[in-house]
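FYI, side chains are in, hydrogens and waters are out, and symmetry mates aren't considered; it's all heavy atoms of this structure. Everything numeric here is computed off the predicted structure, so don't read it as measured data.
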Amino acid sequence: MKDQLKLTAAQGVLQFLEPYIELGVGTGSTVDIFIEILAQSGLTLSKIFTTSQRSARKLKLHGFDVLNLSEIKKPLPFYVDGADEIDSSLCMIKGGGGALTLEKIVAETSKTFICIADESKHVKKIGKFPVPIEVIKEAIKPVCWTIENELGGLPVIRKNFVSDHGHNIIDIHNLSFDEPKVMEEKLNSIPGIITNGIFANRKADTLLVGTPSGLKIFK
């Protein structure tokens with residue numbers, strides 16, 4: 001059932017896309033479905049960029065020519081990605097798949113960020129899902145100490161996982177989300193953290209939610 005809802009959300013993206021545009025594609029199970037739909041659509045893209053090796057492999061498998069992010073020369077018209085949680089204001093927690101650094105970079109370099117999700121990801125308030133952070137190895141202990149003592153969070157190092165860049169991911173539980181932007185900025189200020197998975201300063205512009213009754217669009 002959940003895959004059907006993801007399919008509904010992913011199919012909704014096609015109404016926004018035009019032939020020969022440049023497109024950013026994110027990472028995750030809903031994005032996997034979107035890539036398959038994109039391949040079946042016959043839509044010709046000018047250029048396509050992605051945020052992870054996982055998505056790059058899937059795009060290439062479907063015949064797309066994936067360019068390196070360093071080749072982005074102007075803001076992308078659209079970036080399509082999922083979320084682990086997204087609220088009514090379109091603030092998100094992302095990075096469950098560990099690709100948060102490039103996801104945040106591509107989001108910042110895109111004019112329109114379309115988030116696709118099944119209805120379970122659309123919540124009143126973000127924060128139940130732990131916030132991923134990408135951290136350089138030498139900073140793991142100091143970062144964990146700061147999170148525990150200054151932010152009241154519970155950091156858990158993700159086991160048997162490193163990012164595409166070779167860094168550790170720490171998942172932070174029990175953070176306060178009364179002001180998501182403030183929490184995002186506090187995490188940004190801790191030395192050793194490369195990126196955190198709160199997308200409040202750069203929120204989604206459009207949310208496509210798959211529900212049993214069909215597609216719902218939020219802006």
Side-chain angles (χ1 to χ4, degrees), residues 6 9-10 13 16-17 22-35 38 45 47-60 64 66-72 74-87 89-118 121-123 126-127 129-136 158 161-172 175 177 180-181 183-185 187-188 193-209:
K6 293 178 180 180
V13 179
F16 295 89
L17 304 184
E22 297 184 6
L23 180 67
V25 176
T27 305
S29 59
T30 309
V31 171
D32 286 344
I33 294 173
F34 169 66
I35 291 171
L38 191 62
L45 301 174
K47 297 178 181 177
I48 191 163
F49 304 88
T50 189
T51 61
S52 71
Q53 295 175 11
R54 165 182 168 171
S55 289
R57 287 192 295 268
K58 194 169 185 68
L59 284 161
K60 290 175 182 178
F64 291 103
V66 181
L67 300 180
N68 190 284
L69 293 181
S70 63
E71 297 179 73
I72 296 178
K74 59 183 179 180
L76 299 175
F78 292 100
Y79 171 46
V80 179
D81 203 356
D84 296 301
E85 284 185 338
I86 182 166
D87 66 18
S89 71
L90 306 191
C91 289
M92 296 167 284
I93 293 178
K94 292 175 49 56
L100 57 158
T101 297
L102 292 187
E103 288 174 346
K104 192 160 277 192
I105 290 170
V106 178
E108 288 287 347
T109 57
S110 299
K111 293 180 180 179
T112 301
F113 181 174
I114 300 176
C115 180
I116 52 177
D118 66 81
K121 305 293 179 65
H122 192 203
V123 298
I126 60 173
F129 193 90
V131 176
I133 56 174
E134 185 164 354
V135 181
I136 66 170
R158 197 176 294 185
F161 185 91
V162 293
S163 72
D164 285 350
H165 313 290
H167 299 120
N168 289 92
I169 300 292
I170 298 173
D171 296 304
I172 312 172
L175 290 177
F177 276 89
K181 280 189 177 181
M183 184 56 67
E184 181 177 4
E185 289 163 1
L187 290 171
N188 283 340
I193 294 180
I194 299 166
T195 315
N196 74 79
I198 303 172
F199 284 62
N201 286 290
R202 180 38 172 132
K203 304 185 292 185
D205 298 294
T206 301
L207 170 61
L208 307 182
V209 179

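- The side-chain heavy atoms of Leu100 and Lys94, taken from C-beta on, include no pair separated by under 4.5 Å.
- Shortest non-hydrogen contact noted between Val66 and Ala56 is CG2-O, 4.1 Å.
- A salt bridge links Asp32 with Arg54; the closest basic N to acidic carboxylate O contact falls under 4.0 Å.
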(Q) side-chain contact (heavy atoms from CB on, under 4.5 Å), that's the test. Do Ser55 and Val31 meet it? Break it down for me. (A) CA-CA 8 Å; Ser55 289; Val31 171; 4.2 Å; yes
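- Taking 4.5 Å as the limit, every side-chain heavy atom of Asp205 sits out of range of all side-chain heavy atoms of Leu90.
- The closest side-chain heavy-atom distance from Lys121 to Cys115 is not below 4.5 Å.
- Contact of the Thr50 side chain with the Ile48 side chain is not registered, since no non-hydrogen atoms from C-beta on lie closer than 4.5 Å.
- With a 4.5 Å cut-off on side-chain heavy atoms, Phe177 and Asp87 do not count as touching.
- Between the CG atom of Leu208 and the NE2 atom of His122 there is a distance of 11.5 Å, given to the nearest 0.5 Å.
- Remark: Lys104 is positioned above the aromatic ring of Phe199, its terminal NZ or CZ atom under 6.0 angstrom from the ring centre and at most 45 degrees off the axis.
- With contacts defined as side-chain heavy-atom distances shorter than 4.5 Å, the pair Pro130/Leu175 does not qualify.
- Considering only heavy atoms from C-beta on, His165 comes within 4.5 Å of Leu102 through its side chain.
- At a threshold of 4.5 Å between non-hydrogen side-chain atoms, the residues Glu71 and Phe49 count as touching.
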